[in-house]
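In each ligand, atom 1 is the first atom listed, and ligand 1 is the first ligand listed. Index from 1, following the sequence.
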Amino acid sequence: MKKADPASDNPAANTRKVFVKTYGCQMNVYDSQRMADALARDGFVETSTPDDADMVLLNTCHIREKAAEKVYSEIGRLRQLRARRQKAGADLMIGVAGCVAQAEGREIVVRAPAVDFVIGPTTYHRLPDVVARARRGEKVVETEFAVEDKFEHLPEQQKRQVRSRGVTAFLTVQEGCDKFCTFCVVPYTRGAEVSRPVAQIVEEARRLVDAGVREITLLGQNVNAWHGEAQDGRQWGLGELLHELARIDGLARLRYTTSHPRDMDDALIAAHRDLDMLMPYLHLPVQAGSDRVLKAMNRKHTGDDYRRLVDRIRKARPDIALSGDFIVGFPGETDADFEDTMRIVRDVSYAQAFSFKYSPRPGTPGATMDGHVEETVKSERLQRLQALLGEQQAAFMKSLEGQEIAVLLEKPGRDAGQLVGRSPWLQPVICDETVGKIGDSVTVRIERASANSLISSEAANRRRAA
Ligand code: 5AD
Ligand code: SF4
């Protein structure tokens, strides 16, 4: 911190605390953990509130305008907190990481001078150095795309050290995107597609399993674009990588997200058929149903290409459930185009979905296209789409009532005698503690489904008896 700690001869007072606030996608969740690990080596411990923190690190999201604006409001609140601290003779360091940091860079310290440092997603391995410079009073903006590999540059000690993170963990296998969908900032904020090498991924997965993890979700902005070289020199895609990871003793479940329809190759579809531990749940965004809009979005597939792909995946793994992302009101989208989106949703049927109004992102081709859609029209369309998706989600949840399903037990439940686990389709499942212990994969019968969670028969019985 810039000011000396008045109680610095007390060792407990020398522990500095960092509060990391994460916005946006799971990749940010993973990056936040890694940044916290890097700062731990510098003596920082994590805290769950800014109120007792010496440093607040905002790991930001730039995907839609609202997401970016939230960051500036948060900085405003932190500025006030810092002013109060300074009055009391202490200080607060404020750092901005993530995609807003990458996209806006120096703009952030101009617009919000309270910010001490700005660091982009490809340079997190430089975080300890950035913090050290900021502590010396420099305003650091570190957003040049790193030429070195941020994973390879993790210090050995940090590579070995895995904090126990419970039963499930994320593992980044790929970052960046070369697809350039015309609405999306990711290719600009996260840079070109980079795949991590097989050996690094397998090593990290083994370390996670050794630390007690039973379910790994492979992460990437375009995860199924992952490619690498096997030990024998063969070229592998994500399907082959999943087979390799499935051989790790003690690992019970695998997932991956987020996928692009164009990168669902035969080997990956076959992995869904051949690997029981690959969970039957796939996030496969289509974004829109109209071929004209898909073309303007530069998705490079049609609605029917997507339908055929879904058929092939369902043939390989009949119990697979799909989730998706949708954008309404992309420039030029007519009522008829929007009806095509509604039609593809009806044809495919989703267990879960995320849907958004198109939000023009500076620097992307979509932002300067003709035919921007009125906000009220976007809202109406979003409402109709969400009503349909909501019905489908409710129907999927209802279909699980009375079924026996596999649950990976994750943590104690809210009430005594309960454990909470996850279904293969990611819903929390409330179980009775007698079914097993945390980390076990068990089979339970589902008594009832609510909007977002499931309750097993034994847990429902206990509740009734209580
Ligand atoms: N406007 C609205 N939604 C967007 N998404 C990405 N960019 C935009 C944008 N400019 C959505 C897409 C993507 C998800 C992560 O966010 O649906 O799949
Ligand atoms: Fe963005 Fe498209 Fe790349 Fe996904 S595939 S990150 S939507 S550009």
**Student:** Starting from atom 4 (Fe) of ligand 2, what is the nearest protein heavy atom, named by residue and atom, and what distance separates them?
**Tutor:** Gln221 O, 4.3 Å

**Student:** Measure up the Tyr256 and His272 rings against each other and bin them: parallel (under 30°), tilted (30 to 60°), perpendicular (over 60°).
**Tutor:** tilted

**Student:** Starting from atom 8 (S) of ligand 2, locate the nearest protein heavy atom and write down its residue, its atom name and how far away it is, to 0.1 Å.
**Tutor:** Cys181 N, 3.3 Å

**Student:** Using a strict threshold of under 4.0 Å (side-chain N to carboxylate O), is an ion pair present between Arg292 and Glu333?
**Tutor:** no

**Student:** Identify the protein heavy atom lying closest to atom 13 (C) of ligand 1, giving its residue, its atom name and the separation to 0.1 Å.
**Tutor:** Asp325 OD2, 3.5 Å

**Student:** Hey, which atoms in ligand 2 end up nearer than 4.0 Å to a heavy atom of Phe180?
**Tutor:** 8 (S)

**Student:** Let me know which of Arg308, Arg312, Arg314, Arg307 forms a side chain to side chain contact (heavy atoms under 4.5 Å, CB included) with Val310.
**Tutor:** Arg314

**Student:** Would Arg126 and Asp129 pass as an ion pair if we require N to O under 4.0 Å?
**Tutor:** no

**Student:** What are the two closest heavy atoms between Arg214 and Ser441, and how far apart are they?
**Tutor:** NH2-N, 4.3 Å

**Student:** Between Arg381 and Glu374 (salt bridge meaning N to carboxylate O under 4.0 Å), is one present in this structure?
**Tutor:** no

**Student:** Please work out whether any backbone atom (N, CA, C, O) or any side-chain heavy atom from C-beta onward of Phe183 is under 4.0 Å from ligand 1, and answer side chain, backbone, both or neither.
**Tutor:** both

**Student:** Heavy-atom pairs closer than 4.0 Å: do any link ligand 2 to the side chain of Pro187, the backbone, both, or neither?
**Tutor:** side chain

**Student:** Give me the residue, atom name and distance of the protein heavy atom closest to atom 6 (C) of ligand 1.
**Tutor:** Ile63 CG1, 3.3 Å

**Student:** Go through the steps to decide whether Thr364 and Cys184 satisfy the test side-chain contact (heavy atoms from CB on, under 4.5 Å), and finish with yes or no.
**Tutor:** CA-CA 7 Å; Thr364 61; Cys184 186; 5.8 Å; no

**Student:** What atoms in ligand 1 come closer than 4.0 Å to a heavy atom of Ser359?
**Tutor:** 1 (N), 2 (C), 9 (C), 10 (N)

**Student:** Flag this pair as yes if the NZ/CZ of Arg111 is under 6.0 angstrom from the six-membered ring centre of Tyr72 and inside a 45 degree cone about the axis; otherwise no.
**Tutor:** yes

**Student:** Would you call the rings of Tyr358 and His372 parallel, tilted or perpendicular, where under 30° means parallel and over 60° means perpendicular?
**Tutor:** tilted

**Student:** I need the atoms of ligand 2 closer than 4.0 Å to a non-hydrogen atom of Lys179, numbered in the order shown.
**Tutor:** 3 (Fe), 5 (S)

**Student:** Look at Asp305 together with Lys300 and state whether they make a salt bridge at an N to O cut-off of under 4.0 Å.
**Tutor:** no

**Student:** Starting from atom 1 (Fe) of ligand 2, which protein heavy atom do you reach first, and at what distance in Å?
**Tutor:** Cys184 SG, 2.3 Å

**Student:** Under a 4.0 angstrom heavy-atom cut-off, which atoms of ligand 2 come close to Phe183?
**Tutor:** 7 (S)

**Student:** Could you tell me whether any N, O or S atom belonging to Cys177 is less than 2.8 Å from atom 1 (Fe) of ligand 2?
**Tutor:** no

**Student:** Hey, which atoms in ligand 2 end up nearer than 4.0 Å to a heavy atom of His260?
**Tutor:** 5 (S)

**Student:** Of the choices His62, Arg64, Met297, which has the non-hydrogen atom that lies closest to atom 11 (C) of ligand 1?
**Tutor:** Arg64

**Student:** Between Ile327 and ligand 1, which part of the residue brings a heavy atom under 4.0 Å of the ligand: side chain, backbone, both or neither?
**Tutor:** side chain

**Student:** Can Glu46 and Lys17 be counted as an ion pair, charged N to O under 4.0 angstrom?
**Tutor:** no

**Student:** Report the nearest protein non-hydrogen atom to atom 2 (C) of ligand 1: residue, atom name, distance rounded to 0.1 Å.
**Tutor:** Lys357 O, 3.3 Å

**Student:** Is any NZ, NE, NH1 or NH2 atom of the basic residue among Glu65 and Arg361 found under 4.0 Å from an Asp or Glu carboxylate oxygen of the other?
**Tutor:** no

**Student:** Is Arg361 close to ligand 1, meaning an N/O of one under 3.5 Å from an N/O of the other?
**Tutor:** no

**Student:** Examine Tyr358 against ligand 1 and note whether any of their N/O atoms are separated by less than 3.5 Å.
**Tutor:** no

**Student:** So if I count the atoms of ligand 1 from 1 in the order they appear, which ones are less than 4.0 Å from some heavy atom of Gln287?
**Tutor:** 12 (C), 13 (C), 17 (O), 18 (O)

